[in-house]
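Heads up, the thing below is written out as structure tokens.
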2 protein chains.
Amino acid sequence: MAALSTILPLDALQAHGTGPLYVKLRQSLEKAIRSGALQQGEALPAERDIADYASISRVTVRKAVDELVQDGLLVRRHGSGTFVAKPVSKVEQPLSRLTSFTEDMARRGLTTRSEWLERGLFAPSPDEMMMLGLGPGALVARFARLRLGDDNPLAIERASVLAEYVPDPNVVTTSLYSALEKRNARPVRAIQRISACNIKSHDAELLGVSEGSAGLSIQRISYLPSGKVVELTRSLYRGDAYDFVAELTLG
Amino acid sequence: MAALSTILPLDALQAHGTGPLYVKLRQSLEKAIRSGALQQGEALPAERDIADYASISRVTVRKAVDELVQDGLLVRRHGSGTFVAKPVSKVEQPLSRLTSFTEDMARRGLTTRSEWLERGLFAPSPDEMMMLGLGPGALVARFARLRLGDDNPLAIERASVLAEYVPDPNVVTTSLYSALEKRNARPVRAIQRISACNIKSHDAELLGVSEGSAGLSIQRISYLPSGKVVELTRSLYRGDAYDFVAELTLG
DNA sequence: CCAATACAATACCAAAAAAATACCATTTAC
DNA sequence: GTAAATGGTATTTTTTTGGTATTGTATTGG
């Protein structure tokens, strides 16, 4: 959890005359969220702690938080805490340095949307068993989506996650990474394999290109710190419609 | 077995205010494992012993251990003990950048060699003028090579360098970068564009593949810290013979 | 001025997580 | 086989968290 003093400058609250206390508090909190001082999924300090720290009543704190919850910036959990909400994006994690699909689409001014191709619990394919290190009895949750920019199909995303991390695959819109989130954003390593391939007929049809045209295949594996594999994502991008930009430093 | 006092500094647990007890315990244990104070395969002290030593409940110890087991860092054996797990999968070597052609080939045990396709000083093409930011009077050194692994053509590399950085284009036998670094040991930032394409007839012939098969196109621009562009490299890899691995850490 | 409203403080309620207690099951050593 | 040591589990208590009702206080509008 972020320290109170780092997210709430007291002087901003004590400047008087400019309006109600709770409004200033709300603005300060909103600023902390947007600036990243409070990360996604991170817990806000307890209402009582904020109240003590700022020497104001808890109800006042509450009123400020109320409005941010109303706006969808925060989420309350009775008995647990108040947390910074996550944006709607779900299955895919932003590729750290490679620009993400949505980012790039937004930069081009395209609207993005997704169509589900597959979603549910399955017995792992031989491929998945090998990559995820599973035995025969295991289960994986599979999420496949067609991603579109301005209603043109651009990519197919197939994610396989160890079932134990996904209690209910139909709720995934919000909580795929919840198992990891609870542990407060412990680092997860991903390895990406980037390669080119000729698109097979089935995928070509989905993407609306002719069979055999070039596709960019990106495969990502996410590990726990221990090295245990939790997730396997295989994406296929249309070669003619998309490319990736990575910035890196050479020795 | 390691002594309790050597693996668990009590003061770290007794520092109060920063969160739940079991979290601090978990962090301490994880640290002990990663630091090597607890070796692979070694037994963790019994839960009751840890509890007594730290003057906390055994269930609290259990909760901390639970999460490390969940992560795969520890393994429990009912009636026997809890042990430090052996790493599940060998995480591929930490690369903060895309592996280079020669590196990767060497790792696969392939012998590499190159054939020159073009080498010399030229007036810049419109493309190069734009990308390198050149005027009409400038000169560029161009190096085009066919790269082979075990005598199979794998990639075409086309590099354009500002002539001033390459006194004699015929002496560039080894790495371009070593030549550049000698003049300037400072780091160079590069932007890569990665995309897939269908290989055109001329290039297909060089690479020994059929026209239209998938190719991985990587375009790299190298800058000086000042922002000045020094190099432009366009590489075309056979999609069926090569892929790239990048490792990155997600927040 | 007085009523209506918004703001803030106090006190108490309910849900969830954290921690402690007591007891059960499995393995190992003898 | 038995006993000691180990991890496994169910239950309860305590603490922490958000939720709500009530009351007091300032601001505003007629």
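This structure is a prediction, so every number in the text was calculated from the model and none was measured. By convention in this document, chain letters (A, B, ...) are assigned in the order of the sequence lines, proteins followed by strands, and residues within each chain are numbered from 1.
- One atom, CD of A:E47, and another, C1' of C:dA14, lie 14 Å apart when rounded to the nearest Å.
- The separation between B:E67 atom CD and C:dA17 atom C1' is 12 Å, rounded to whole Å.
- In terms of position on DNA chain D, the residue among A:G81 and B:R76 whose nearest nucleotide sits closer to the 5' end is B:R76.
- If you check D:dG18, C:dA8, D:dT6 against the side chain of A:L21, the one that comes closest is C:dA8.
- A:V161 and A:F143 get closest at one heavy-atom pair: CG2-CE1, 4.0 Å.
- For A:S80, whose side chain is taken as the heavy atoms from C-beta onward, the closest listed nucleotide among C:dA17, C:dA18, D:dG8 is C:dA17.
- Between A:D52 atom CG and A:S57 atom OG the span is 10.5 Å, to the nearest 0.5 Å.
- For DNA chain D, the residues of residues 54-63 of chain B within the heavy-atom distance limit of 4.0 Å (strictly under) are B:R58, B:R62, sorted by number.
- Summarising the geometry, the separation between CG on A:L44 and C1' on D:dT16 is reported as 15 Å, rounded to the nearest angstrom.
- Around CD of B:Q27, the count of heavy atoms belonging to other residues, nucleotides or ligands within 6.0 Å exceeds 12.
- Rounded to whole Å, atom C1' of D:dG7 lies 13 Å from atom CG of B:D49.
- Residue-to-nucleotide contacts include a donor-acceptor pair under 3.5 Å from the side chain of A:R48 to the base of D:dG18.
- For A:E118, the CD atom counts as densely surrounded, since its 6.0 Å shell holds more than 12 non-hydrogen atoms of other residues, nucleotides or ligands.
- Rounded to whole Å, atom C1' of C:dA9 lies 13 Å from atom CG of A:D52.
- Of all heavy-atom pairs spanning B:E42 and B:A37, the tightest one is OE1-O, 4.1 Å.
- Here the shortest heavy-atom pairing between B:L8 and B:S28 reads CD2-CB, 3.5 Å.
- Residues B:Q39 and B:V84 approach most closely at O-CB, 3.3 Å, considering heavy atoms.
- Within the structure, a side-chain polar atom (N or O) of A:Y22 is placed less than 4.0 Å from OP1 or OP2 of C:dC7.
- A donor N or O paired with an acceptor N or O is found under 3.5 Å between the base of C:dA14 and the side-chain atoms of A:H78.
- The distance between atom CZ of B:R26 and atom C1' of C:dA19, rounded to the nearest whole Å, is 17 Å.
- For A:D66 and D:dG18, the CG to C1' distance is 11 Å, given to the nearest whole Å.
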